[in-house]
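Take this structure, written in structure tokens, and hold onto it; I'll ask about it next.
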There are 2 protein chains.
Amino acid sequence: MSDVATSAQPPRDFEALRTAILERRQDLPKRLTQVAAYALDNPDEIAFGTAASIAMSANVQPSTLVRFAQHFGFDGFSGLQLLFRTRLRERNSSYEDRLRQLEQGGAALTESASLLHGFIGAAHRSLDTIAGAVEAERFERAVSILAGAETIYLIAKRRSYPISSYMAYAFGKLKVRFQLVGTSAGIDDDMLAMATPQDAAFAISFSPYASESARQARIMAARDVPVVSLTDSAFSPLAECSREWFEVVEADHAGFRSLSASMALAMALTVAIAETRRRK
Amino acid sequence: MSDVATSAQPPRDFEALRTAILERRQDLPKRLTQVAAYALDNPDEIAFGTAASIAMSANVQPSTLVRFAQHFGFDGFSGLQLLFRTRLRERNSSYEDRLRQLEQGGAALTESASLLHGFIGAAHRSLDTIAGAVEAERFERAVSILAGAETIYLIAKRRSYPISSYMAYAFGKLKVRFQLVGTSAGIDDDMLAMATPQDAAFAISFSPYASESARQARIMAARDVPVVSLTDSAFSPLAECSREWFEVVEADHAGFRSLSASMALAMALTVAIAETRRRK
DNA sequence: ATCGATCTGGAATATTTGTTCCACGTTGAC
DNA sequence: GTCAACGTGGAACAAATATTCCAGATCGAT
């Protein structure tokens, strides 16, 4: 009586459904495969649409949707749709909303925990900002400048230093020649003196700008070494002496600015440079 | 004939509706005020629910919802609901979805741009993971261990080093005594030899673990210096010699793991430690 | 090629859901 | 206190939406 092809119990949450679909995708009939693909590609559509509208844009019959749902153990299409909706509800909430949910759920957040969540929130916001702020062309130009360099000089102090030290680590693994400027005291200027126009510099500095970084970037620029920089304002001293520069404004929490956006940009730059070189 | 109380044309998007509601909230009849409050407080409910279910949880009649919608120029409840839904769609979209929107919107993403977005996505995911993964009690214990230390020894190599270098920067600004272990070659062990049980160590290491970091953490532990660590697995060599440890699994893109979650945790720890000390 | 099993499309049906309508309350002006 | 205007609840209605059903198509095994 019971159909063996249909799982007895429906997946409890969206992730479970997703894996179930992926697992059984192979041995699903043609139209159901079609629905499966559509569902995973357009989850929002399924959450909001009506059976009829979804069926139309997935090029199937409404009944096929019902069959699809039943194949995965639901009563009907509505049961399946519910999963897509609750997923949306949970996902949707902004970081602040999610925090509020956390607070309501468990005991009230301790001060420390709210600190952590504050920094996480700031990082999220930073990342959101940068996603739209970096133009692809600009990025490409920066990559091509740096990929063409024999040696890349990394200039960063204080708060920016962790970023350059990450780049140094990654460049090392990717076999890209670099010099980390500013680690050991004193020899920086000697190091910079070796740079030629065939090299390039990547300078990072955020307000309040370390005067040392700006000075070093200017030295490089004066010697015709192309400079690419990452800073937080068009009025930054770095902007004026750079062939190409990125403006990244990090969100802050408790007076401490995030580094996430800068870090993501730095990682992307690093990998893109290595990738470009590998091709040549 | 035409009712002056209802605006002729309905708000075009959610924000417009929101302001409209806020503006007219004062001179709205009792039940409609009730709906207005409910709508702004539970936008998700309105987006997903049916008129009946919403009416019930807002303690009004379904017809009131319709009247409410009509007061703001909509044909009926459905028109109003649409605004709540599209808002959700736009807000909700996951990072991947947003990327897809970006792709569709502008020209196709260049390879470099998609790299950047990939890293941004990985960072977002990492942050999402850590938000739920760090228990408040554990965090508190770690803070109290480190806040009680005279000097905090920061142990990190390679990929973890940017994190410790950020902490070093922040500790410096916050006037917390620390020693960054692992910068200059050779003298590390001598530095560690000066540590006493009144100090503490914070070690960071991710797979593949730098054997040096593990060794140094063990040395500290053997000398009864409390060790707090940040690592990515319960089987990490750091876990076994730590008084307290955090497991943070970073998402990756193109084989490069994010640092955002670790960085956020590190920042929170740092500030919490300074804050705790300030109180004493 | 034939048969059986399974899949598919589309119309018919049942259910849910939004909307309308009207009698009853409530409020405020005179 | 009366009246008019407006607000409210709830039931009746209409529209939409999901589901069921079945005849015909498709596919695979023999």
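FYI, side chains are in, hydrogens and waters are out, and symmetry mates aren't considered; it's all heavy atoms of this structure. Small disclaimer: the values here were computed from a predicted structure and weren't measured. Every chain is numbered from 1, with letters handed out A, B, ... down the list of sequences.
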Per A:Phe77 side chain, nearest of listed nucleotides C:dT8, C:dG18, D:dT19: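 Ranking C:dT8, C:dG18, D:dT19 by closest atom to the A:Phe77 side chain puts D:dT19 first.
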query: Rounded to the Å, how far apart are A:Asp75 CG and D:dA18 C1'?
result: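 So the two atoms are 12 Å apart, to the nearest Å.
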field: Nucleotide C:dT8, atom P - distance to CG of A:Leu65 in whole Å
entry: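 The distance from CG of A:Leu65 to P of C:dT8 comes to 12 Å, rounded to the nearest Å.
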Spacing of B:Gln61 atom CD relative to D:dA12 atom C1', expressed in whole Å: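 The answer, rounded to whole Å, is 14 Å.
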- request: Using a 4.5 Å cut-off on heavy atoms from C-beta on, say whether the side chain of B:Leu238 contacts that of B:Ile204.
  value: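 Of all side-chain heavy-atom pairs linking B:Leu238 with B:Ile204, none is under 4.5 Å.
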query: Is the NZ or CZ atom of A:Arg85 positioned over A:Phe48's six-membered ring, under 6.0 angstrom from the centre and within 45° of the axis?
result: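 No.
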task: Looking only at side-chain atoms of B:Thr50, point me to the closest of D:dT8, D:dT20, C:dT17.
output: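 Of D:dT8, D:dT20, C:dT17, C:dT17 is nearest to the side chain of B:Thr50.
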field: Exercise: identify the closest heavy-atom pair between B:Thr231 and B:Ser205
entry: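 Scanning both residues completely, I find the closest heavy atoms to be OG1-O, 2.8 Å.
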query: Can the positive tip of A:Arg24 be found less than 6.0 Å from the middle of the six-membered ring of A:Phe72, inside 45° of the ring normal?
result: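 Satisfied, under 6.0 Å and within 45°.
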task: Round to a whole Å and report the spacing from CZ of A:Phe48 to C1' of D:dT17.
output: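 My rounded result for the distance is 18 Å.
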- prompt: Rounded to the nearest Å, what distance is computed from the CD atom of residue B:Gln81 to the P atom of nucleotide D:dA16?
  reply: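 Spelled out: CD on B:Gln81 to P on D:dA16 is 15 Å.
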message: Of the options D:dC21, D:dG10, D:dT20, whose atoms approach the side-chain atoms of B:Ser63 most closely?
response: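 Closest nucleotide to the B:Ser63 side chain: D:dG10.
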